[in-house]
*Asks:* 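What follows is a single structure, and I will ask about it in a moment.
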Amino acid sequence: MTGSAARYLYLTRHGEASPDESKLTGDGRRQAVLLGERLQHAPLQAIHHGPLPRAEQTAQLICEQLDGVPLQPSELAGDYIPYLPQREELPSESAEAMLGHLSQFPADEREDGPELAKAALAQFTGPVDGDEPRHELVVTHNFLIGWLVRAALDAPKWRWMGLNHANAALTVIRYAPGRSASVLFYNDTGHLPTDLRWTGFSPDLHI
C-alpha cells in the first residue's frame, strides 16, 4: 500500500520588475541569482512558476544556479485575487479601504482568481503520495503567497490581505501526514544584501 510523506513547499515572489512589469530590473536579476545560490543545497525536485515574464525570468535565473531541477510553468502560480471577501467578513474599521483596494484590479483577476486559488491549494499543498518527502519551489506573486500562508495557519479566508512578501524572499511550509501545516519561516531575506531586501514593499512598510 502506498503511504504518504511530507511536502516542503518553498515559496518566493518574483524579483523586482520594471515599471511596466515586462522584465526584471538589474536588481531583480541579482535577487533571483542570490536566491538560486541559497537554494543550491536544498533537495528541490521541481520549480513551478507563473506565466508572467517577471515570474518566468526569476525562475529561469534560479534554475541556472541549480543542477538539473526542471522548470514547470503553471497558470495556478499566476497573479490573481485568490478570494473576494464580503463586507461583513471584514473588520468594520478597514472594510471600506480593503474593498476599495480590491476593486482597482482587473475584472478577470477578481472573477477568475478564486477558482485558480482553490486549484492551487489542491496542487501545491498537503502531504504527497509515496514514501519520500517532496521539496518544490513555486515562483509566484504576493497574493498567492499570502493565500497559501493564510491557509497553512487556518486563518479566515480574507486574511490573505495584509501578508506582504518581498521580492525574492523565501517562505517554506511543511505539510506532514497527520499533522497541521507548519510555516517553517516566512519572508526570509537572509540571502539578500541590505539594499535588495525591501523591494516590493511600499515605503511605509519598511522597518
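Values in this document were obtained by computation on a predicted structure and should not be read as measured data. When a residue number appears, it is its place in the shown sequence, counting from 1.
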*Asks:* Any ion pair linking Arg38 and Asp188 (charged N to carboxylate O, less than 4.0 Å)?
*Replies:*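 Yes, this pair counts.
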
*Asks:* Testing the basics here: between Phe124 and Ala77, what is the closest heavy-atom pair and its distance to 0.1 Å?
*Replies:*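 That closest heavy-atom pairing would be CE1-N, 4.4 Å.
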
*Asks:* For Ala119 and Leu76, work out which heavy atoms get closest and say how close.
*Replies:*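 Result for this residue pair: CB-CD2, 3.6 Å.
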
*Asks:* I would like to know whether Thr125 and Ile173 meet side-chain contact (heavy atoms from CB on, under 4.5 Å); could you show each step before the answer?
*Replies:* CA-CA 9 Å; Thr125 72; Ile173 304 173; over 6 Å; no

*Asks:* Taking all non-hydrogen atoms of both residues, which atom of Trp147 and which atom of Lys157 are closest, and how far apart?
*Replies:*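 Smallest interatomic distance, heavy atoms only, reads CZ3-O, 3.6 Å.
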
*Asks:* Between Tyr83 and Glu89, is any side-chain donor less than 3.5 angstrom from a side-chain acceptor?
*Replies:*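 Note: Tyr83 and Glu89 side chains meet the donor-acceptor criterion.
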
*Asks:* Evaluate side chain to side chain donor-acceptor pair (under 3.5 Å) for Tyr8 paired with Arg174, printing each intermediate quantity in order.
*Replies:* CA-CA 5 Å; Tyr8 293 82; Arg174 179 177 183 260; 2.9 Å; yes

*Asks:* Does Glu132 come within less than 4.0 Å of Arg134, counting only side-chain N to carboxylate O?
*Replies:*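 A salt bridge is absent here (no side-chain N lies under 4.0 Å from a carboxylate O).
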
*Asks:* Measuring centre to centre across the rings, with the benzene-like ring taken for any Trp, is Phe201 within less than 6.0 Å of His165?
*Replies:*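 Between His165 and Phe201, which both carry aromatic rings, the centre distance is not below 6.0 Å.
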
*Asks:* Could you report the tightest heavy-atom contact between Leu163 and Gly146, atom names first, then the distance?
*Replies:*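 Heavy atoms of Leu163 and Gly146 come nearest at CD1-O, 3.4 Å.
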
*Asks:* With side chains defined as the heavy atoms from C-beta onward, is the minimum distance between Glu136 and His48 less than 4.5 Å?
*Replies:*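 Side chain of Glu136 against side chain of His48, heavy atoms only: contact under 4.5 Å found.
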
*Asks:* Does the side chain of Asp79 come within less than 4.5 Å of His14's, by heavy atoms?
*Replies:*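 The answer is no, as the side chains (C-beta and beyond) never meet within the 4.5 Å cut-off.
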
*Asks:* Same hydrophobic cluster for Val172 and Leu34, using side-chain heavy-atom links shorter than 4.5 Å among ILVMFWY?
*Replies:*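 No, separate clusters.
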
*Asks:* Could you tell me if the ring centre of Phe143 sits under 6.0 Å from that of Phe105?
*Replies:*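 For Phe143 and Phe105, the ring centres are under 6.0 Å apart.
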
*Asks:* CG of Asp108: more than 12 outside heavy atoms within 6.0 angstrom?
*Replies:*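 Yes, CG of Asp108 has more than 12 neighbouring heavy atoms, counting only those of other groups under 6.0 Å.
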
*Asks:* So which atom in Tyr80 and which in Ala117 form the shortest heavy-atom distance, rounded to 0.1 Å?
*Replies:*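 Looks like CE1-N, 3.7 Å.
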
*Asks:* Would Arg29 and Glu16 pass as an ion pair if we require N to O under 4.0 Å?
*Replies:*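 Salt bridge absent between Arg29 and Glu16.
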
*Asks:* Does a salt bridge link Arg54 with Asp20, judged by any charged N lying under 4.0 Å from a carboxylate O?
*Replies:*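 No.
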
*Asks:* Which atom pair, heavy atoms only, marks the closest approach of Tyr186 to Ile145?
*Replies:*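 Taking every non-hydrogen atom into account, CE1-CG2, 4.5 Å.
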
*Asks:* Kindly say whether Leu11 contributes a backbone atom to a donor-acceptor pair with the side chain of Thr171 at under 3.5 angstrom?
*Replies:*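 Pair absent, no side-chain N/O of Thr171 close to backbone of Leu11.
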
*Asks:* Could you walk me through whether His49 and Gln72 pass the side chain to side chain donor-acceptor pair (under 3.5 Å) check?
*Replies:* CA-CA 6 Å; His49 65 83; Gln72 299 181 5; over 6 Å; no

*Asks:* Just by distance, no angles: are the side chains of Thr199 and Asn167 close enough, under 3.5 Å, to form a donor-acceptor pair?
*Replies:*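 Result is yes, a qualifying pair exists.
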
